[in-house]
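Here the structure is laid out as structure tokens; the discussion comes afterwards.
In the text below, chain A, chain B and the rest are named by the order of the sequence lines, each starting its count at 1.
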Amino acid sequence: MSEYAVELEEVSKHFGPVVAVDRVSLTIRDGEFFSLLGPSGCGKTTTLRLIAGFEIPTEGTVYIEGKPQGETPPYRRPVNTVFQNYALFPHMTVYQNVAFGLEMRKVPKREIRQRVLEALEMVRLPGMEDRRPNQLSGGQQQRVALARALVNRPKVLLLDEPLGALDLKLRKAMQLELKALQHRVGITFIYVTHDQEEALTMSDRIAVMNEGRVLQVGTPQEIYERPANRFVADFIGETNFLPGQVVEATGEQVVVLVDGQMPIRVPAVEAVTTGRWVTIAVRPEKIALHAQPPDPQAISGEVEEVIYGGTDTRYQVRLTPETVITVRQQNAQVGEAVVFPVGSRVYLSWPPEAARLLTE
Amino acid sequence: MKGRTAKAQGARRRGRWLNRLLTLHGIAGYLFLYAPIVILVIFSFNASRFMASWGGFTLAWYGKLLGNELIGAALKNSIIVAGTATLVSTIFGTMVALAMSRYNFWGKLAFDALLYLPIIIPDIAMAVMLPLFFVLSRTQLGLPTIIISHIAFNISFVAVVVRARLAYFDVTLEEAAQDLYANEWQTFRRVTLPLIMPGILGGALLAFTLSLDDFVITFFTAGVGSTTLPLRIYSMIKLGITPEINALSSLMLIASMTLVLLSLFLQKGGGGKIEIV
């Protein structure tokens with residue numbers, strides 16, 4: 001038995017000339033909440049369908065519990081799917097929908113009854129057995145879809161943007177509920193979403209995808225704090241990008257000249273050589289603003305715009321004629337916080353490890 | 001202010017006048033369509049033998065109809081033809097519709113166009129070609145040749161009706177079934193078939209009605225002893241229109257209307273969103 005619930009080995013999927021999934025390798029651990037995150041068309045849904053068996057890889061192998069799946073049809077795979085539009089059978093009652101998988105596997109009638117009622121209890125929908133899907137709200141349909149999948153006690157549950165059709169408030173509530181549910185049942189969840197916030201709050205680990213490829217796999221903190229490249233840094237949260245040329249590379253630190261006039265020191269993450277063009281990535285909330293220079297090398301700029309946003313205030317600070325940087329200051333103090341008016345000169349500082357050097 | 005009121009009143013009056021004209025137009029249209037049918041039904045209860053005069057109410061013609069052995073035999077033939085043709089064409093028509101909506105294959109567009117052909121081309125064209133086909137294949141004309149001919153045009157009608165239903169079919173439902181351990185056959189039987197069943201039944205009823213009513217194609221493909229009801233009526237009419245024919249026509253009218261209404265009801269109902277165009 002493998003320690004991995006699902007493993008993808010150099011899996012590609014071509015649709016004619018279109019490469020939907022491009023040599024993707026992933027290992028998803030037993031009991032993990034794993035998200036596939038990316039913009040629409042990045043191949044995340046196709047990857048999920050490859051695991052479910054709705055698509056067969058053009059190249060590479062999908063393993064479920066260590067077993068290569070080859071061309072195994074969906075009905076012989078120990079996984080169940082929660083579809084984006086729920087795909088509840090409209091001609092069946094809630095009970096019949098949830099019982100369907102168990103009936104197909106010839107589970108005795110009495111056991112079916114018990115397990116269906118348990119599953120409906122688990123998703124907090126007791127007493128709804130005789131309703132038809134079209135008599136339920138979106139949130140309730142969502143729960144039926146979950147119950148219909150979970151009642152089979154799959155090894156892996158695949159979820160394709162299951163909260164996409166719900167309104168914001170319900171979505172937030174369902175996020176917490178799903179996470180709690182996953183803890184309780186201990187099943188591996190593979191969760192497809194384009195919502196980075198959703199992925200960050202729910203996942204144990206995230207794979208960020210773009211154009212059919214996996215760009216980075218890591219915990220939410222790793223992905224947020226140490227994005228591997230510009231796409232990940234840009235897609236997850238908000239980031240300032242400062243392009244420049246390396247003018248000094250001495251072991252631990254690198255000096256990058258931004259816009260040909262502003263030297264910025266960043267920790268070296270990999271071997272970079274003098275003269276190379278790089279990008280510095282800094283999250284807006286990691287930057288502190290000061291009226292006086294905190295150290296002699298601090299860079300400075302002019303406040304162009306101040307946007308008060310309740311929990312925080314956003315500043316747009318012009319550093320050079322070409323570069324404007326966004327800064328977010330928490331409004332943690334009670335009453336009026338220190339506000340830098342438009343037009344004032346400010347000095348910027350950030351912890352050295354907050355700035356990432358991106359070489360791509 | 002006053003001028004405007006007068007103007008508005010004028011417009012309102014003109015509107016009312018137009019409305020009346022439209023109503024009249026509607027009534028005239030429906031009269032044109034249904035008056036002959038209504039007259040036919042009324043005269044089926046006419047005690048007088050002649051169309052020209054009303055001799056009082058009677059059910060005698062309906063009674064006489066029941067005792068007519070020739071009509072009984074023709075009715076039996078019609079039901080055999082319509083029943084068999086409907087059964088076969090519903091199965092094949094449904095299969096065609098499924099194949100056309102699911103798969104892409106070489107020559108699909110041409111095949112699609114050919115499928116509509118029996119609906120579009122005049123009956124007489126088919127009626128002339130079919131006996132030729134039977135003569136060439138040395139088939140004796142009779143009930144089987146009528147049935148084969150009816151299947152030939154009914155498949156198209158069934159396929160079109162079932163395809164309309166399939167156009168609204170969500171394929172992820174089949175994926176969901178397969179995800180829940182149903183193999184291809186179980187998926188078809190438990191999910192696909194029940195969901196398109198209203199379309200299939202609607203198509204079948206339409207096929208049955210068309211087959212029951214058909215005259216032209218049947219006339220050309222019938223042989224000795226395979227007279228169907230419409231053919232029998234035609235041969236009776238040659239001897240003059242009797243109230244007996246009126247009674248028979250009235251009964252066929254009721255049967256056809258019931259079937260068509262049932263067909264429309266089934267296509268519309270069953271949780272589907274099919275609009276009758």
Side-chain angles (χ1 to χ4, degrees), chain A residues 15-16 45 48-49 51-55 72-93 96-107 112 116 119 132-135 141 144-154 156-162, chain B residues 90 94 97-98 101-109 161-204 262-263 265-275:
Chain A
F15 294 106
T45 294
L48 198 75
R49 292 173 61 83
I51 300 170
F54 300 131
E55 310 286 353
T72 309
Y75 50 85
R76 293 218 190 88
R77 297 192 184 203
V79 299
N80 288 111
T81 308
V82 175
F83 292 85
Q84 192 167 7
N85 56 358
Y86 319 136
L88 298 177
F89 305 127
H91 58 303
M92 298 184 195
T93 61
Q96 289 167 328
N97 263 284
V98 179
F100 190 87
L102 297 176
E103 260 175 54
M104 289 299 118
R105 287 200 302 182
K106 310 249 182 315
V107 174
I112 291 182
V116 168
R132 297 260 169 176
N134 62 8
Q135 294 171 309
Q141 290 183 28
V144 176
L146 261 172
R148 187 176 71 171
L150 284 172
V151 77
N152 304 295
R153 299 179 188 149
V156 180
L157 187 67
L158 308 173
L159 303 104
D160 185 6
E161 308 229 14
Chain B
T90 300
T94 303
L98 279 166
S101 77
R102 287 302 151 77
Y103 305 108
N104 276 312
F105 47 87
W106 189 86
K108 180 176 172 177
L109 209 68
V161 173
V162 176
R163 266 186 92 178
R165 181 86 194 179
L166 277 170
Y168 291 93
F169 187 82
D170 180 6
V171 186
T172 43
L173 292 176
E174 289 181 349
E175 288 184 347
Q178 298 213 357
D179 190 66
L180 296 164
Y181 317 110
N183 61 29
E184 287 85 353
W185 171 244
Q186 288 168 320
T187 300
F188 179 73
R189 204 172 51 82
R190 296 288 306 270
V191 174
T192 317
L193 195 60
L195 285 173
I196 63 169
M197 198 39 116
I200 295 175
L201 288 178
L262 205 61
S263 157
F265 174 75
L266 281 170
Q267 285 176 66
K268 219 168 195 167
K273 303 165 199 155
I274 308 285
E275 291 292 316

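Put simply, of B:L180, B:D170, B:T172, B:T187, the one with the most heavy-atom pairs under 4.5 Å next to chain A is B:L180. Heavy-atom pairs under 4.5 Å with chain B peak, among A:A52, A:P74, A:A149, at A:P74. Between chain B and the options A:N134, A:L158, A:V79, heavy-atom pairs under 4.5 Å are most frequent for A:V79. Of the listed residues (A:R49, A:R132, A:M92, A:H91), the greatest number of heavy-atom pairs within a distance under 4.5 Å of chain B belongs to A:H91.
Residues B:L173 and A:P90 come closest through the heavy atom pair CD1-CD, 3.8 Å.
Remark: side-chain polar atoms of A:N80 are paired, donor with acceptor, to backbone N or O of B:D179 under 3.5 angstrom.
Using a 4.5 Å cut-off between heavy atoms, A:F83 touches chain B through its side chain atoms alone. Both the backbone and the side chain of B:E175 come within less than 4.5 Å of a heavy atom in chain A. In this structure, chain A has no heavy atom under 4.5 Å from any part of B:E174.
Atom CZ of B:F105 is surrounded by more than 12 heavy atoms from other residues, nucleotides or ligands within 6.0 Å. Summarising the local packing, CZ of A:R76 is surrounded by 12 or fewer heavy atoms from other residues, nucleotides or ligands at distances under 6.0 Å.
Applying the salt bridge (charged side-chain N to carboxylate O under 4.0 Å, His left out) test to every pair with at least one member in residues 189-201 of chain B, sequence neighbours left out, gives these pairs: A:E103-B:R190.
A heavy-atom distance below 4.5 Å is not found between the side chains of A:P73 and B:N183.
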Output, in order, the C-alpha distance, side-chain angles, deciding distance and verdict of side-chain contact (heavy atoms from CB on, under 4.5 Å) for A:F100 and B:V191.
-> CA-CA 10 Å; A:F100 190 87; B:V191 174; 4.2 Å; yes
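Applying the ring-ring contact (aromatic ring centres under 6.0 Å, His included) test to B:Y181 and every residue at least two apart in sequence or in another chain returns nothing.
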